[in-house]
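So the structure is just underneath, and the comments pick up after that.
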Amino acid sequence: CNNVTTHVQTITVQDTTAPNFVEALPTDSTVQCDAVPTAATLTATDNCGEANVTFEEAIAQGSCPGAYTITRTWTATDACNNVTTHVQTISVQDTTVPVITTQASSIVVECDGSGNQGAVQAWLASNGGAVATDNCSDVTWSNDFDALSNDCSAAITVIFTATDACGNTASSSATFTVQDITAPVTPEAPAALTLACAS
């Protein structure tokens with residue numbers, strides 16, 4: 001008799017749930033320029049399948065080479081393009097002064113009658129023998145010497161300053177002393193003369 005009753009049920013399956021990161025998420029931080037942490041490796045799970053994690057890093061330069069901002073972004077995407085994003089901001093700074101590893105050395109030079117320019121310039125060029133290192137950059141040396149002297153008893157204290165790329169400074173001082181220990185040269189005696197007495 002082919003009597004029929006039909007019921008139709010339609011089930012619409014959808015995925016609207018975003019993935020979840022598995023590991024602890026990196027937090028924002030402020031660090032010295034020689035202590036920037038390595039980027040974490042994050043993975044993610046999804047309620048309906050696998051999730052893929054991508055990573056991007058952007059750097060915004062600050063006021064000096066050792067000061068900048070790192071923005072790290074991890075993006076987890078599932079098969080239905082549901083997305084979970086985590087952003088970490090790292091503020092990098094350089095507030096550490098250079099380290100003087102060798103202090104400047106005082107010297108004593110013989111007065112040369114010309115302002116001792118050669119000896120002074122050589123001493124200044126060597127930063128008085130001072131050596132410095134920095135945790136994030138090279139250092140630039142300067143000094144406060146401002147006058148040559150012919151004074152044979154001059155003792156000039158010079159401050160040598162090491163400055164890093166972010167303007168942090170460390171100093172070392174030493175003295176440039178001029179002395180005169182050379183005796184005068186006796187003029188050559190005139191030749192002996194024999195003279196007739198006057199009449």
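All values derive from a computational prediction rather than experimental measurement.
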Q | Steps toward side chain to side chain contact (heavy atoms under 4.5 Å, CB included) verdict (I90, V31) | A | CA-CA 7 Å; I90 301 173; V31 300; 3.8 Å; yes
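- The closest donor-acceptor contact from the side chain of N168 to the backbone of D94 lies under 3.5 Å.
- The line from CD1 of I156 to OG1 of T177 is 8.5 Å long, rounded to the nearest 0.5 Å.
- Nearest approach of A104 to A130, heavy atoms of both residues: N-CB, 3.8 Å.
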Q: Start with the C-alpha gap between D15 and N47, add the side-chain angles, then the distance that decides, and say whether side chain to side chain contact (heavy atoms under 4.5 Å, CB included) holds.
A: CA-CA 8 Å; D15 178 4; N47 63 329; 3.7 Å; yes
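- When atom types are taken as modelled, the side chain of Q88 and the backbone of T27 share a donor-acceptor pair closer than 3.5 angstrom.
- Counting heavy atoms from C-beta on, the side chains of Y68 and V36 come closer than 4.5 Å.
- Nearest heavy-atom pair, S171 versus I100, reported as atom, atom and distance to 0.1 Å: O-CG1, 4.1 Å.
- Between the side chain of T84 and the main chain of P19, a donor-acceptor pair closer than 3.5 Å is present.
- The shortest distance between side-chain heavy atoms of V139 and T133 does not fall below 4.5 Å.
- In the displayed structure, D34 atom CG is contacted under 6.0 Å by more than 12 heavy atoms of other residues, nucleotides or ligands.
- When ring centroids are compared, F176 and W123 come within the 6.0 Å threshold.
- Linking ILVMFWY residues whenever their side-chain heavy atoms come closer than 4.5 Å, directly or via other members, places V109 and V120 in the same cluster.
- Within the model, atoms OG of S142 and CZ of F160 stand 10.0 Å from one another, a figure rounded to the nearest 0.5 Å.
- Open room surrounds CD on E56; 12 or fewer heavy atoms of other groups in view lie less than 6.0 Å from it.
- Put simply, the side chain of I59 does not reach to within 4.5 Å of the side chain of T69, judged on heavy atoms.
- To the nearest 0.5 Å, the span separating CD1 on I70 from OG on S91 amounts to 9.5 Å.
- Looking only at side-chain heavy atoms (C-beta outward), T75 and T77 come within less than 4.5 Å of each other.
- Proximity of P98 to T163: side-chain heavy atoms (C-beta onward) are nowhere separated by under 4.5 Å.
- One N or O on the side chain of W74 and one on the backbone of A40 form a donor-acceptor pair closer than 3.5 Å.
- In this structure, CG in D78 is found 11.0 Å from CD in E50, a value given to the nearest 0.5 Å.
- By the 4.5 Å heavy-atom criterion applied to side chains, V97 and T169 are not counted as neighbours.
- The distance from atom OG1 of T96 to atom CD of Q32, rounded to the nearest 0.5 Å, is 3.5 Å.
- Remark: SG of C136 is not found under 2.5 Å from SG of C166.
- Residue V99 is not grouped with residue W141 when hydrophobic side chains (ILVMFWY) are merged at heavy-atom distances under 4.5 angstrom, including chains of intermediate members.
- Within the 4.5 Å cutoff, no side-chain heavy atoms of V87 are placed close to those of R72.
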Q. Can you list the steps and then say if T71 with E57 is a side chain to side chain contact (heavy atoms under 4.5 Å, CB included)?
A. CA-CA 6 Å; T71 302; E57 181 176 277; over 6 Å; no
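- Cluster membership for F55 and L42, using ILVMFWY side-chain heavy atoms within less than 4.5 angstrom, is shared.
- For the pair N127 (side chain) and G129 (backbone), a donor-acceptor distance under 3.5 Å is absent.
- Side chain of S172 to backbone of Q103: no donor-acceptor contact under 3.5 angstrom is found.
- For the atom pair N82 CG and D46 CG, the distance stands at 7.0 Å (nearest 0.5 Å).
- The backbone N or O of L124 lies less than 3.5 Å from no partner atom in the side chain of Q121, so there is not a single donor-acceptor pair.
- For the pair H86 (side chain) and P26 (backbone), a donor-acceptor distance under 3.5 Å is present.
- Residues Q93 and T30 bring no donor and acceptor atom of their side chains to less than 3.5 Å of each other.
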**Q.** Test log, rule disulfide (SG to SG under 2.5 Å), inputs C80 and C48
**A.** CA-CA 9 Å; C80 287; C48 293; over 6 Å; no
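- You'll find the side chain of N135 reaches within 4.5 Å of the side chain of C33, heavy atoms only.
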